[in-house]
Student: 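Please find one structure pasted underneath; my questions will follow.
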Amino acid sequence: MTPTDSPLPASLSALQDRLRDLRAQGQILLQNGDRGFGTAPSNIALIKYWGKHSDQQPQNSNLSLNLGSFRATTEVVVRGRFYPQGSAPALHSNTVLFAGMTEPAPADRKLDRWISRVFADWASEIRMHVRSENNFPSACGVASSAAGYAALAAAVADLLQLERHFSATELQTWLTEWARLGSGSAARSAIPGAAEFVAWERDDVDGSFAHPVPASPGFELGHCLLVLDTSPKSVSSSEGHEAARHSPFFAVRAAGMERRFRAMCAAVAAGDFSTVATLAEEDAFAIHAIMQTSEPASRHLDSRNSQIIARFVAGRDQARVPAFWTLDAGPNVHILFLREALPFVRDFLARECAGGGASVLWGGKGPGALPGSRARAVVHTDLPDDRAFRMGEPA
Ligand code: DP6
């Protein structure tokens, strides 16, 4: 553990203690070259996480749907090995190879710290080489850190064969908590379908986890992204969470947050589309009001996407179809809809893309974070189940 790290939440700490015991019993053995493999989806938040306490604790409860066809796949390879006395110094560094890189590079500070924490106090001589790629373009408004950290946690779970050592609930806790400690929104990517993260009022409370949200049977939302701009963000999400405190609207949003979050959970559970849509659009405006008045400000709601949103809302209201928009920490417009709105959504997108300078990516529902062979099945079969949910994909 580095001096800046807080203690782990008790539930995660108990699981880490189990890893120490498993090592002592010879049930976990790591050697140079051992591999683990995992995959996880990105997600789109309908009630967004914006602002965090120390150690990656989201300050407000939040809820998202995973985007099963926007996935990160990650392999971890052990550098180093266990020594009988367990006290050997680490001989290697953590390295990464991301898509587009020709040579491995040292892991950045955040990833380096994450890996050290996972192995702290029970396998500190172990380092890792991480290879990861996304099946969606980066900087397109689809949260790649969420997919990335959830896939990384799944790959480490596979390496340690946690499916053998932990119950399904323990494994989910381990995955969501380690994903959160990498990136707050990644906790939800460990969960299939709709996921909620219930935040607590104090920053040191144990027990804030991501959980599945029971959705009404048949309440299937299609998803697509109108891609307008893929330039990298000038203010990262991590900076944005911090900068948000300086906005006068931060406290205003926080005051009604729990009520709106509970209303959203209830609407998802009841399949109440119109409430889901109203709350999601309201929260998108609220978070962008904060972003625009933060220090430094992030201005993702600009004249181009504002006009697109206005045209979308006018057309949707006139056609009376179940569809809504949201914007994450980027300028690209997410559209979510029920199946009956598909013809409207297709026509709308065709018109918006007609002049050039915009394109469409179709998301969809799929599994959460998966370690090991189940991950390989998803990747190698190209998500056959998922196609059923990619309702917007042109025929
Ligand atoms: C706007 O999870 O990317 O996408 O915890 O600093 O990695 P870090 O931030 P991140 O923030 C996500 C913000 C958001 C809303 C959301 O997904 O809930």
Side-chain angles (χ1 to χ4, degrees), residues 4 6 43-64 110 139 141-143 145-146 180 183-188 196-205 208 210 228-229 231-267 275-313 324-334 336:
T4 54
S6 321
N43 63 69
I44 179 67
L46 304 186
I47 294 287
K48 297 178 192 292
Y49 141 53
W50 202 240
K52 61 180 157 190
H53 296 298
S54 60
D55 214 18
Q56 293 288 113
Q57 275 290 349
Q59 209 165 323
N60 68 274
S61 299
N62 46 87
L63 179 146
S64 65
K110 190 176 182 194
V142 170
S145 67
R180 173 183 66 76
S183 180
S185 54
R188 301 182 313 240
E196 62 174 14
F197 185 96
V198 182
W200 293 59
E201 301 234 311
R202 290 173 287 140
D203 62 354
D204 59 348
V205 173
S208 300
L228 305 170
D229 184 355
S231 333
K233 302 183 223 181
S234 56
V235 179
S236 71
S237 285
S238 292
E239 290 168 304
H241 288 292
E242 187 49 42
R245 287 173 208 293
H246 304 293
S247 162
F249 299 119
F250 188 75
V252 176
R253 176 176 183 254
M257 210 59 240
E258 272 315 299
R259 183 183 51 76
R260 285 198 305 278
F261 168 73
R262 292 281 152 220
M264 177 63 92
C265 292
T275 303
V276 169
T278 303
L279 290 169
E281 290 185 353
E282 249 174 49
D283 198 51
F285 274 133
I287 188 181
H288 284 277
I290 293 172
M291 287 175 179
Q292 307 225 11
T293 51
S294 294
E295 272 177 45
S298 317
R299 299 207 168 82
H300 300 302
L301 189 59
D302 55 23
S303 58
R304 187 174 177 202
N305 58 22
S306 297
Q307 286 173 28
I308 291 172
I309 289 167
R311 285 195 289 272
F312 170 80
V313 169
F324 64 93
W325 64 274
T326 184
L327 274 193
D328 238 34
N332 302 311
V333 183
H334 292 259
L336 294 110

Student: Restricting to side-chain hydrogen bond (donor to acceptor under 3.5 Å, both in side chains), what partner residues turn up for Thr278, sequence neighbours left out?
Tutor: none
Student: Using atom types as modelled and distance alone, determine if a side-chain donor or acceptor of Asn305 lies under 3.5 Å from a backbone N or O of Val333.
Tutor: no
Student: Would you list the pairs meeting side-chain hydrogen bond (donor to acceptor under 3.5 Å, both in side chains) in which at least one residue belongs to residues 282-298, sequence neighbours left out?
Tutor: Ser247-Thr293, Arg253-Asp283
Student: Hey, does Glu242 have a side-chain heavy atom less than 4.5 Å from the side chain of Lys52?
Tutor: no
Student: Return the minimal non-hydrogen interatomic distance between Gly184 and Tyr49, and the atom names on each side.
Tutor: CA-CE2, 3.4 Å
Student: Which heavy atom of Trp50 sits nearest a heavy atom of Phe250, and at what distance?
Tutor: O-CE1, 3.3 Å
Student: List the residues meeting side chain to side chain contact (heavy atoms under 4.5 Å, CB included) with Ala263, not counting sequence neighbours, and say none if there are none.
Tutor: Leu279
Student: So do the side chains of Asn60 and Lys48 get within less than 4.5 Å of each other, counting heavy atoms only?
Tutor: no
Student: Distance from Met257 atom CE to Arg259 atom CZ, nearest 0.5 Å?
Tutor: 9.5 Å
Student: Taking only residues two or more places apart in sequence or in another chain, which ones pass side chain to side chain contact (heavy atoms under 4.5 Å, CB included) with Arg304?
Tutor: Leu228, Asp302, Ile308, Ala358
Student: What is the minimum heavy-atom distance between Ser64 and Arg188, and which atoms define it?
Tutor: OG-NE, 2.7 Å
Student: Picking from Val198, Leu46, Asn62, what satisfies side-chain contact (heavy atoms from CB on, under 4.5 Å) with Phe261?
Tutor: Val198
Student: Identify, with sequence neighbours excluded, every residue that meets side-chain hydrogen bond (donor to acceptor under 3.5 Å, both in side chains) alongside Arg245.
Tutor: Gln59
Student: Any idea which heavy atoms bring Pro331 and Asp229 closest together, and the distance?
Tutor: CG-CB, 3.8 Å
Student: Atom CG of Leu327 and atom NE2 of His334: how far apart are they, to the nearest 0.5 Å?
Tutor: 7.5 Å
Student: Which pair of heavy atoms, one from Ala289 and one from Phe249, lies closest together, and at what distance?
Tutor: O-CD1, 3.9 Å
Student: Taking side-chain hydrogen bond (donor to acceptor under 3.5 Å, both in side chains) as the test, write out the residues that go with Ser238, two or more places apart.
Tutor: none
Student: Between the side chains of Ser61 and Glu258, is a donor N or O closer than 3.5 angstrom to an acceptor N or O?
Tutor: yes
Student: How long is the straight-line distance from NE2 of His241 back to CD of Glu239, given to the nearest 0.5 Å?
Tutor: 11.0 Å
Student: Can you tell me how far the CD atom of Glu281 sits from the CZ atom of Phe324, to the nearest 0.5 Å?
Tutor: 7.5 Å
Student: Less than 4.5 Å apart, any side-chain heavy atom of Ile309 and any of Leu301?
Tutor: yes
Student: With side chains defined as the heavy atoms from C-beta onward, is the minimum distance between Leu63 and Arg260 less than 4.5 Å?
Tutor: no
